Amino acid sequence: MLKLRLRQAAPVALVAMLLLTLSACGLTEYPNTTFHHNTEFNSAVDALFDRLVFWGTIVFVVVEVALVVTIIKFRKRPGGPAAKPIHGNAALEITWTVIPALILVLIAIPTVKTIFETQAEAPAGAIKVEVIGHQWWWEFRYPELGVVTANELYLPVGRTAAFELKTKDVLHSFWIPQMGGKRDLITNKTNHLWFTPSADLPSSAWNGFCAEYCGSSHANMKFRLYTVQPDEFESWARHQASPAVFSATPAPATPVIPAAQVTVADSAASVAAPTAGYAFPKDRLEAEFPHVIPQTPIPAGITFDDALLAGGDPVKGATEGFLLGGCIGCHAISGVPGAVSEIGPNLTHLASRHTIAGGLYRNDAPTLARWIKNARHLKPGSIMNTIGKGEYDPILKTTNTMGLDDRQIADVVAYLMALK
Amino acid sequence: MATLATPTPAAVAGSDAKSGLWSWLATTDHKRIGTLYLWTALAFFLIGGLEAVMIRTQLARPNMGFVSAETYNQLFTMHGTTMVFLAVMPLSAAFFNFLIPLQIGARDVAFPRLNAFSYWVYLFGGILITLPILFQAAPDGGWFGYAPLSTPAYSGVAPGSSELKMNMDFWVAGLQVLGVSSLAAAFNFITTIINMRAPGMTLMRMPMFTWMSFVVQFLLILAFPPITVALVFLMMDRVFGTTFYQVAAGADPLLWQHLFWVFGHPEVYILILPAFGLVSEVLPTFSKKPLFGYNVMVYSGIMIGFLGFGVWAHHMFSVGMGAVADSIFSLMTMLIAIPTGVKIFNWIATMWSGEIRFTVPMKFAIALIAMFTIGGISGVMHSSPPADLQQTDTYFVVAHFHYVLFGGSIMGIFAGIYFYYPKITGRFLDERLGNAHFWLNFIGMNLTFFPMHFSGLLGMPRRIYTYDAGQGWDLFNLLATYGTYLLVVATAVFVWNFVRSRTRGAVAGGDPWHAATLEWSIPSPPPEYNFAKIPTIGSRYPLWDLKEPTWNADPSGHAVPSDPSDLQEETASHTAKALGIPMPYPTAKPLFTAIGLVVMFGGLLLFRDHHAVGLAILLTGAAMLIGGLYAWLTSPLE
Amino acid sequence: MASHAAAASHGAVAGHDDGHVHHHHTTTGLDHRKIAIWAFIGSECMLFASLISTYLIYKGKSLVGPFPHTEYVDAAGKVFKPILDIPVTSASTFVLLMSSLAMVLALQAVQLKGQPLPAGAGWWTRAQRSSQLWLGVTALLGAMFLGFQAYEFTSFVREGLTLKTNLFGSTFFTLTGFHGAHVTVGVLWLMSLLWIDRTRGLTPKDELVVDICALYWHFVDVVWIAIFTLIYLIQ
Amino acid sequence: MSHDSEPAEHAHAHPTGATYLKVAAILTLITVIEVWAYYIPALVSSPLFNPSLLIMSAAKFAIVVLFYMHLKYDHKLFKALFTGPLIVATGTIFALLFLFAKISL
Ligand code: HEA
Ligand code: HEA
Ligand code: CUA
Ligand SMILES: [Cu+2]
């Protein structure tokens with residue numbers, strides 16, 4: 001009897017250890033684990049999950065041990081005991097009906113409790129974030145702060161974030177494994193989700209995913225979350241709410257241009273260059289959060305002369321390329337009249353973001369150039385069309401006779417890179 | 001039983017003289033139709049498996065470029081659709097066809113021609129839905145085809161172009177056609193089981209496989225209408241521009257999800273219960289013990305089927321149904337673990353104090369118990385909505401359903417194939433190859449699917465054609481891919497064995513396994529009329545009444561042993577005619593009618609783009625359908 | 001077609017036919033086809049449940065009119081009256097109900113075939129013996145119902161409601177269209193029975209063949225009872 | 001076929017023509033009441049309007065099934081074959097209406 005107990009205990013310990021190792025594993029090794037208690041939501045889920053694992057393991061061990069013991073003990077042997085024609089045993093059968101039922105009660109009670117807890121109204125004082133799904137990128141709006149951005153979400157630690165989830169097209173699902181469970185974005189409906197990044201989190205970066213199949217580039221519909229300190233958030237939000245300006249040094253070989261000249265002439269909003277706001281520091285990402293830096297290789301078959309980038313003229317990019325390329329038809333840049341479309345991501349502070357295209361690529365000049373040249377080559381199914389002259393559009397199945405040449409693209413890139 | 005003589009090779013070669021292509025096209029013999037189902041479904045299993053192999057190859061490492069995103073999306077859609085509708089369901093149907101009449105002591109099913117019709121419709125429906133993959137135009141909306149992605153606005157034309165995308169049209173039409181097949185078959189088997197049992201074969205004396213199949217037929221007739229309706233809506237949206245799922249008209253996309261899962265959850269029990277039935281035949285035979293708790297096994301099967309209609313929304317915990325609905329569906333789902341657990345424990349108890357022979361079918365049956373339990377437990381983890389919010393649409397779900405589907409349905413079906421192959425062909429499958437298949441399969445499936453639990457909980461979403469490096473998923477994916485390659489080897493061994501043994505396997509007698517039920521009282525393969533004389537049944541285990549006369553094989557106490565003279569094997573040389581048994585005429589009318597049905601749907605598909613041609617083809621198909629039906633209904637059966 | 005019933009009554013029983021045409025053993029003593037039709041009707045319950053649920057779920061969710069019970073004014077100021085025509089539909093509902101009555105009388109007439117009429121039977125008693133009369137009346141009433149439906153559909157289209165107009169149009173036409181298709185099949189079925197009756201004559205032996213058609217027909221009627229209340233009367 | 005040799009199907013009393021007529025009269029009467037109620041605004045606005053319509057409709061449904069489809073007199077197997085699915089079907093309708101907030105608990 002004792003021996004049997006020991007034998008039962010061993011696998012329990014084994015599985016438990018395995019799970020423990022996994023859940024305790026470092027951020028870098030399993031950066032998207034669901035086991036970290038970074039929010040109250042995730043703590044609640046994980047408590048429930050632990051209970052499920054506990055009972056699941058017990059059921060597993062009981063069944064498998066009983067099975068193995070039975071088949072070993074009663075294997076047919078010469079001279080072994082003859083089979084007994086037992087038809088059943090009511091007491092036994094009732095036992096193994098009742099015991100699972102009891103276990104299920106123990107699971108069901110905390111389940112229902114947690115359902116009601118996690119689906120209650122968000123606590124007062126939460127910061128409101130609108131999440132709008134698009135094939136295949138994320139739009140984030142902070143209506144109280146006047147911020148509109150894409151693919152990169154900032155949240156202050158210690159404050160509840162209450163999400164309003166909507167979609168512009170098909171279904172998507174909003175999921176940051178480290179912060180808690182997912183919630184679907186449903187057409188013609190608004191869904192809700194809230195959680196509070198723990199107040200003692202250092203400023204950190206996390207991965208987010210689209211978890212509902214949404215077409216060709218569902219795999220490429222990712223996003224980043226930066227949980228930052230309240231003052232950092234404050235600074236970020238204030239800056240993001242401001243209109244576009246050339247606040248940073250423009251590309252070399254170009255004289256510093258007053259903002260007013262760059263943006264289309266009568267843009268009133270673009271006069272003053274505000275002090276640059278907070279953005280999650282790139283060097284910290286590289287050092288501490290490598291998992292949020294895209295590794296996606298640029299697909300073969302697209303060429304761009306990177307030497308041109310150095311000479312990109314942001315003014316020409318803004319006044320010529322951005323219009324000729326038709327960018328204005330799809331992208332909004334706050335402060336630029338006419339650039340108000342919501343088809344594509346808002347580019348007002350593009351250069352303050354670390355990734356583009358649903359977290360698929362790094363945001364740097366060479367990648368941007370290739371992206372603009374042929375987004376559909378870089379991202380399957382992309383709604384953004386192929387813009388480079390002479391490029392093959394894999395969806396329209398035609399080669400562009402019009403469009404921007406590399407020189408013009410370099411100008412546009414210079415402009416975009418200046419949109420800090 | 002002394003009378004169980006080894007049949008002569010001549011008898012093995014085929015129980016009826018009729019052969020050649022026509023005899024298959026026109027057959028109405030349930031055993032031949034069962035065989036057709038078996039071969040066709042195995043072929044589709046290989047196709048679905050090949051798709052899985054391509055999926056796993058693409059996912060072996062991060063940022064792989066083995067297939068494109070579009071191809072990948074077609075692959076997993078077709079893999080799921082193929083495995084569910086074209087492999088596992090028809091594999092079960094192969095056993096329904098072959099076994100049910102034999103197990104209940106009947107000469108055929110209630111409506112033999114309808115049965116042939118079901119098969120042909122399945123075959124053509126399967127081709128309709130599968131063929132487009134050769135042209136890179138296969139369905140790509142996932143096996144549950146969620147709206148609005150499946151509506152014309154998002155899958156009607158390629159984005160930004162006017163090129164017609166027919167991918168989802170094939171899916172919509174194909175599934176409707178397959179539904180017709182399943183429904184027709186279900187009415188047939190319900191009638192057969194209710195009305196064609198041999199004298200003395202009361203409901204509570206039916207073999208467990210027949211019982212579980214009986215439950216499944218009810219699941220089929222109740223689950224297929226909702227998906228048919230959902231598909232009709234979608235088809236009308238696509239072809240006639242109705243607004244059921246059209247975003248712009250204010251449609252609610254959850255309508256599709258509910259209608260789909262009202263079907264979809266009972267469907268998963270449609271996939272598992274036949275396998276449960278099969279192992280319930282295998283385990284007693286090789287334990288030399290009656291099934292433990294027969295009555296409870298029956299009731300739990302019914303219970304699972306019934307509860308199965310009240311849990312569908314557990315696939316939708318992330319859509320925001322509200323706390324009350326989430327709670328109700330969660331509790332209902334948990335309830336199902338109880339009757340399922342009873343089955344698991346009763347199987348183990350069946351083996352307890354038996355004399356267990358580790359034949360290949362027995363190994364597969366034991367593996368089902370071991371593996372399905374794992375899948376069941378992860379199922380219960382899904383049933384807790386807050387926990388499921390971390391699991392849904394991740395590889396944890398993929399792990400769950402492959403443990404129940406591969407570890408449950410496929411294991412059970414393999415158990416059934418090894419067990420019944422001798423009955424179907426008259427020859428054994430090779431034991432050594434069988435063992436190799438079993439172990440490769442067992443290790444391969446665990447290596448493939450166990451790591452998915454981890455990748456899922458570590459944040460890997462499902463249905464992604466690629467993933468980035470450094471996400472912590474690389475190892476698990478690589479292991480899973482290696483596991484799949486092991487499964488390829490396993491499957492190759494099986495295919496080789498399956499094909500080879502037809503001519504070279506050891507000859508099996510009528511009752512090669514020392515089994516208990518009626519199908520083993522007749523020669524292998526059975527003569528076309530099955531039973532020269534319809535036996536009278538006195539207990540659940542008529543053959544054991546003879547072999548183990550000291551056992552009272554029926555615990556009810558009222559049992560009379562089955563009449564031994566009824567259960568003696570006939571030599572296979574008699575023809576139905578010589579015995580004066582009228583048999584149905586072979587006829588290709590069901591085949592013709594089935595072609596009509598599929599042509600009709602083909603016309604409907606074309607209609608969207610070419611009204612005139614489409615309409616012409618549609619009408620041709622309809623005429624064939626009606627003409628075929630008319631000719632069929634007005635001609636005598638026998 | 002003359003052989004239709006004969007074939008059907010033959011075709012159903014394959015299993016245990018040991019050569020005596022009149023001794024088809026079945027476990028329950030019931031005919032295969034009757035079991036099958038009841039299973040089919042059970043399945044149809046789910047079919048119409050899905051259709052009706054959809055209609056009710058989308059009720060009141062249409063973004064533009066016309067609407068079933070309320071007036072709608074479009075952007076251009078065009079007024080659409082509530083579209084459902086209750087008097088007409090009440091009439092067609094009554095017609096369908098009466099067809100069910102005719103159907104049971106047809107079945108009864110077949111059952112009573114060959115039994116001598118009681119002496120001095122009145123016209124009603126005699127009329128009750130005519131299966132052709134009642135089959136014909138049933139089919140006719142069914143066709144009338146279809147006529148009403150055709151009228152309803154065309155007038156709706158004229159008033160601006162099509163399959164594509166709004167959610168109401170899609171769900172309404174599909175639900176009632178499915179029902180109408182069932183009625184159509186029923187009318188064709190009745191007409192072939194009528195034809196058999198005229199050419200060969202139905203006898204009490206054919207009771208089952210008529211019964212099965214009757215079960216189908218009544219079920220279609222029953223579905224309409226639900227539709228009439230849920231779609232037309234409840235607002 | 002088996003009609004004369006298998007008495008099982010006929011052992012029970014069938015309703016007669018008179019019953020059928022009575023049933024038809026009742027059905028007509030209920031229908032008339034339903035339609036009449038539809039035209040009385042006071043009734044329509046009453047909270048009992050919908051429930052009573054549903055009850056009347058269910059009554060008609062049951063009457064047709066029991067008498068015209070002679071389920072009342074027929075083999076219990078058929079009762080099971082019909083009521084089982086009917087329960088599942090009604091349950092599904094109610095569950096769906098609840099899920100889409102058309103009815104509440
Ligand atoms: C053969 C098919 C099959 C079977 C039998 C099951 C059985 C079960 N399934 Fe599974 N399921 C699928 C096939 C199947 N499933 C598929 C294909 C999907 C995904 C579809 C898709 O999204 O593509 C899915 C998805 C799925 C989900 C949705 C997950 C998600 O998408 O978020 C859920 C949620 O509750 C679930 C639950 C269950 C439960 C509780 C059972 C239960 O029936 C299991 C019961 C069995 C046991 C529990 C083991 C034995 C019991 C004991 C030994 C007794 C003691 C046990 C306890 C006390 C726990 N399944
Ligand atoms: C019964 C059902 C069933 C079965 C048996 C399987 C079997 C397998 N499945 Fe599964 N699978 C599903 C049902 C099933 N699957 C469903 C429903 C989905 C969801 C789809 C969706 O999301 O829409 C899914 C999804 C799914 C995914 C997730 C895809 C994604 O989300 O992106 C993966 C990934 O690894 C996978 C892998 C496998 C593997 C490796 C096998 C292996 O077990 C396969 C083993 C078989 C073989 C190895 C055969 C090999 C044979 C040959 C190679 C010979 C070929 C020769 C010829 C054709 C002549 N499956
Ligand atoms: Cu968006 Cu997947
Ligand atoms: Cu389910």
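All heavy atoms count here, side chains included; hydrogens, waters and symmetry mates do not. Please read all numbers here as calculations on a predicted model, not as lab measurements. Below, chain A is the first sequence line, B the second, and so on; all start at residue 1.
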Name the region of [X], side chain, backbone, both or neither, that has any atom closer than 4.5 Å to a heavy atom of chain A.
{"X": "B:Ile377", "value": "side chain"}
{"X": "B:Phe292", "value": "both"}
{"X": "B:Thr350", "value": "neither"}
{"X": "B:Ile344", "value": "side chain"}
{"X": "B:Ala153", "value": "neither"}
{"X": "B:Leu149", "value": "both"}
{"X": "B:Phe76", "value": "side chain"}
{"X": "B:Phe317", "value": "backbone"}
{"X": "B:Trp473", "value": "side chain"}
{"X": "B:Gln257", "value": "side chain"}
{"X": "B:Ser353", "value": "both"}

Quick check on the interface: out of [options], who has the most heavy-atom pairs with chain B under 4.5 Å?
{"options": "A:Val59, A:Ile86, A:Thr114", "result": "A:Ile86"}
{"options": "A:Val112, A:Thr296, A:Ile107", "result": "A:Thr296"}
{"options": "A:Ser173, A:Gly180, A:Ala66", "result": "A:Gly180"}
{"options": "A:Ala90, A:Pro100, A:Pro294", "result": "A:Pro294"}
{"options": "A:Ala120, A:Ala44, A:Pro380", "result": "A:Pro380"}

>> Would you say that more than 12 heavy atoms from the other residues, nucleotides or ligands in this model lie under 6.0 Å from the CE of B:Met303, or not?
In response: no
Is a side-chain donor-acceptor pair under 3.5 Å present for [Y] with [X]?
{"X": "B:Thr77", "Y": "B:Asp140", "result": "no"}
{"X": "B:Ser68", "Y": "B:Thr71", "result": "yes"}
{"X": "A:Thr398", "Y": "A:Asp393", "result": "no"}
{"X": "B:Thr333", "Y": "B:Ser383", "result": "no"}

Side chain, backbone, both or neither: which part of [X] has an atom under 4.5 Å from a heavy atom of chain B?
{"X": "A:Phe209", "value": "side chain"}
{"X": "A:Lys182", "value": "both"}
{"X": "A:Ala47", "value": "neither"}
{"X": "A:Trp175", "value": "side chain"}
{"X": "A:Pro81", "value": "backbone"}
{"X": "A:Gln135", "value": "side chain"}
{"X": "A:Leu48", "value": "side chain"}
{"X": "A:Leu92", "value": "side chain"}
{"X": "A:Glu64", "value": "side chain"}
{"X": "A:Asn42", "value": "side chain"}
{"X": "A:Lys379", "value": "neither"}

>> Looking at every non-hydrogen atom in both residues, tell me the closest pair between B:Met351 and A:Ile71 and how far apart they are.
In response: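 The answer is SD-CG2, 3.9 Å.
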> Looking only at heavy atoms, which two atoms of A:Ile186 and B:Pro253 are closest? And how far apart?
Replying inline: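 Closest heavy-atom pair between A:Ile186 and B:Pro253: CG2-CG, 3.7 Å.
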>> Working note: B:Tyr403 + B:His453, criterion ring-ring contact (aromatic ring centres under 6.0 Å, His included); need CA distance, chi angles, decisive distance, verdict.
In response: CA-CA 10 Å; B:Tyr403 264 89; B:His453 290 112; 5.4 Å; yes
>> When you measure from the side chain of B:Ser287 to the backbone of B:Pro284, do you find a donor-acceptor pair of N or O atoms at a distance under 3.5 Å?
In response: no
>> Taking A:Pro177's backbone N and O only, do any of them form a donor-acceptor pair with B:Gln390's side chain (distance below 3.5 Å, no angle check)?
In response: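 Indeed, once roles are kept as given, a pair shorter than 3.5 Å links the two residues.
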> Is NZ or CZ of B:Arg462 both nearer than 6.0 Å to the six-membered ring centre of B:Tyr467 and within 45° of the ring axis?
Replying inline: no
> How long is the span from the CG atom in A:Asp184 to the CG atom in A:Leu193, to the nearest 0.5 Å?
Replying inline: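 Nearest 0.5 Å value for the CG-CG distance: 10.5 Å.
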> So how far is it from A:Ile115 CD1 to A:Lys113 NZ, rounded to the nearest 0.5 Å?
Replying inline: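 Going from the CD1 atom of A:Ile115 to the NZ atom of A:Lys113 covers 12.5 Å.
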>> I'd like to know whether A:Phe163 forms a ring-ring contact (aromatic ring centres under 6.0 Å, His included) with A:Phe174, so could you lay out the CA-CA distance, the side-chain angles of the two residues, the decisive distance to 0.1 Å, and finally the verdict.
In response: CA-CA 10 Å; A:Phe163 298 96; A:Phe174 176 79; 4.9 Å; yes
>> Going by the rule ring-ring contact (aromatic ring centres under 6.0 Å, His included), which residues pair with B:Tyr294 if we only count those two or more places apart in sequence or in a different chain?
In response: none
> Taking the six-membered ring for Trp, are the ring centroids of A:Phe35 and A:Phe49 within less than 6.0 Å of each other?
Replying inline: yes
> Which one, B:Val380, B:Thr466, B:Thr392, leads in non-hydrogen pairs under 4.5 Å with chain A?
Replying inline: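 Most heavy-atom pairs within the cutoff with chain A belong to B:Thr392.
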